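This report concerns only the one structure given below.
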Amino acid sequence: MIYLDYNATTPLHPRVLEVMLPFLQEKWGNPSSPYRFGNEARGAIERSRKRIAGYFGCKPCELVFCSSGTEADNLALRGVVHALKGKGNHIITSVIEHHAVLNTCKALEGEGFRVTYLPVTDNGVVEVAELEKVLDDETILVSVMHANNETGVVQPVEDIAALTREHGIIFHVDAVQTIGKLPRRIAELGADLITISGHKFYGPKGTAALYVRQGVPLGAVTTGGRQEHNLRAGTENVAGIVGFAEAVSLAFESVEAEGQRLRELRDRFEKQILALVPGVRINGAQASRVPNTSNMTFASVDGESIVLGMDLNGICISTGSACSTGDPEPSHVLRAMGISAREAQGSVRISLGRSTQETDIEAALMALKAVVERLRGISSIDGNGQSR
Ligand code: PLP
């Protein structure tokens with residue numbers, strides 16, 4: 001199998017598994033228990049928190065461990081707007097967010113909050129000027145992602161943070177797709193709340209954290225025990241947290257060299273696919289992107305069919321976000337970039353990772369060329385969009 005879908009998920013790194021095993025086998029105490037066996041688990045959690053804070057440039061108490069990026073996004077959005085209900089009811093986000101944010105905003109609209117969805121440019125970028133236009137006295141929260149999961153396009157979150165700070169508005173960043181891909185200490189982004197998720201950078205699935213800048217008003221969403229500074233009730237996933245910290249460490253150790261390596265592979269792939277196959281466009285190519293991601297539109301073919309065709313060749317790619325696979329709707333991200341519904345249906349994403357080698361890229365190129373040619377051969381429309 002050639003796996004080219006690292007934005008969907010990544011395998012557990014052997015080093016991560018190694019540090020987790022003792023907490024799954026011998027050290028399985030409840031971190032809330034008062035005896036030494038429990039304290040051992042508690043100590044492991046707090047050491048992990050401190051370790052991650054060191055890499056992020058924040059205080060350990062500013063990290064809340066969660067069970068997924070989705071949960072951390074929910075905690076950020078719901079936690080802030082419920083805490084600030086008396087102050088205003090306006091939320092601003094962008095049309096290209098992950099459904100973890102978009103569907104939470106939809107649910108909050110149902111509770112009476114007003115949500116503005118910022119547009120993006122043809123290259124998939126949220127413009128600060130657009131945000132400035134819609135800020136009002138009722139705005140209590142802005143949520144814009146760091147890099148988009150489908151296109152890899154990086155958003156100007158530092159500039160947005162400067163603007164929201166000036167207006168005293170809370171700013172949340174979903175940075176799930178940038179840890180291990182961009183060499184930034186997340187606290188330097190200037191945001192008040194930042195979501196990260198372990199399974200996107202070789203950590204265990206079901207592990208995540210929300211960075212909450214000290215002093216940011218946040219209400220709990222899950223109620224129960226007093227875990228995670230009273231913000232996220234529930235017995236902690238001790239082994240998961242220990243593995244998550246190891247994955248953060250790995251991500252920061254190799255981010256520069258790995259980024260450079262993947263960027264070269266990705267750029268070579270794009271150059272060759274444009275040369276080999278007519279009727280291809282790279283989406284978001286003119287914008288700043290994370291180094292591992294390429295989103296392509298193939299004229300006159302269906303993206304789902306390309307994915308299935310590639311699967312028959314043992315190659316895993318995707319039509320966009322894993323969460324919307326099987327969703328007949330064209331990608332909301334590509335549609336927001338002004339791409340027609342029909343073209344959006346003909347789009348696929350490849351995302352590279354640690355195991356990707358040049359030979360994988362070569363094999364994927366040849367397979368993609370053959371699959372698209374075969375599909376176009378049986379399609380009633382040619383590569384230039386003309387009916388046969
Ligand atoms: N936000 C972004 C940008 C993502 O890409 C994803 C997962 O694809 C999520 C949030 C959700 O993270 P999780 O899978 O940990 O719930």
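Remember, it's a predicted structure, so these values are computed and weren't measured experimentally. Counting starts at 1 for both ligands and their atoms, following the listed order.
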Part of [X] within contact of ligand 1 (heavy atoms, under 4.0 Å):
{"X": "Asn148", "value": "neither"}
{"X": "Asp174", "value": "side chain"}
{"X": "Lys200", "value": "side chain"}
{"X": "Ser197", "value": "side chain"}

Does anything in residues 188-204 pair up under salt bridge (Lys or Arg N to Asp or Glu O under 4.0 Å), and if so which pairs, sequence neighbours excluded?
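Pairs touching residues 188-204 that pass the test: Arg184-Glu188, Arg185-Glu188, Asp192-Arg213.
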Applying side-chain hydrogen bond (donor to acceptor under 3.5 Å, both in side chains), which residue pairs with at least one partner in residues 161-170 are found, sequence neighbours left out?
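Pairs touching residues 161-170 that pass the test: none.
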Going from CZ on Arg335 to CD on Gln345, what distance comes out if it is rounded to the nearest 0.5 angstrom?
9.5 Å
Value rounded to 0.5 Å, distance of CG in Leu210 from CG in Leu75
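Reported to 0.5 Å precision, the distance equals 5.0 Å.
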Atoms of ligand 1 close to [X] [distance to a heavy atom under 4.0 angstrom, numbered from 1]:
{"X": "Asn149", "value": "3 (C), 5 (O)"}
{"X": "Met145", "value": "3 (C)"}
{"X": "Ser68", "value": "15 (O), 16 (O)"}

Partner of Tyr117 under side-chain contact (heavy atoms from CB on, under 4.5 Å), chosen from Ile92, Val134, Thr93, Ile91
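Testing each of Ile92, Val134, Thr93, Ile91 against Tyr117, the sole residue satisfying side-chain contact (heavy atoms from CB on, under 4.5 Å) is Thr93.
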Is the closest N or O pair between Asn7 and ligand 1 shorter than 3.5 Å?
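Such a contact does not occur with ligand 1.
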For Gly69 and ligand 1, does the shortest N/O to N/O distance drop below 3.5 Å?
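Such a contact does occur with ligand 1.
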Below 30° counts as parallel, above 60° as perpendicular, anything between as tilted: where do the rings of Phe37 and Tyr35 land?
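Geometry flag for Tyr35 against Phe37: parallel rings.
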Looking at ligand 1, does His199 have a heavy atom less than 4.0 Å from it?
yes
Quick one, Thr359 with Glu362, criterion side chain to side chain donor-acceptor pair (under 3.5 Å). Give me CA distance, side-chain angles, the key distance, then yes/no.
CA-CA 5 Å; Thr359 47; Glu362 291 299 326; over 6 Å; no
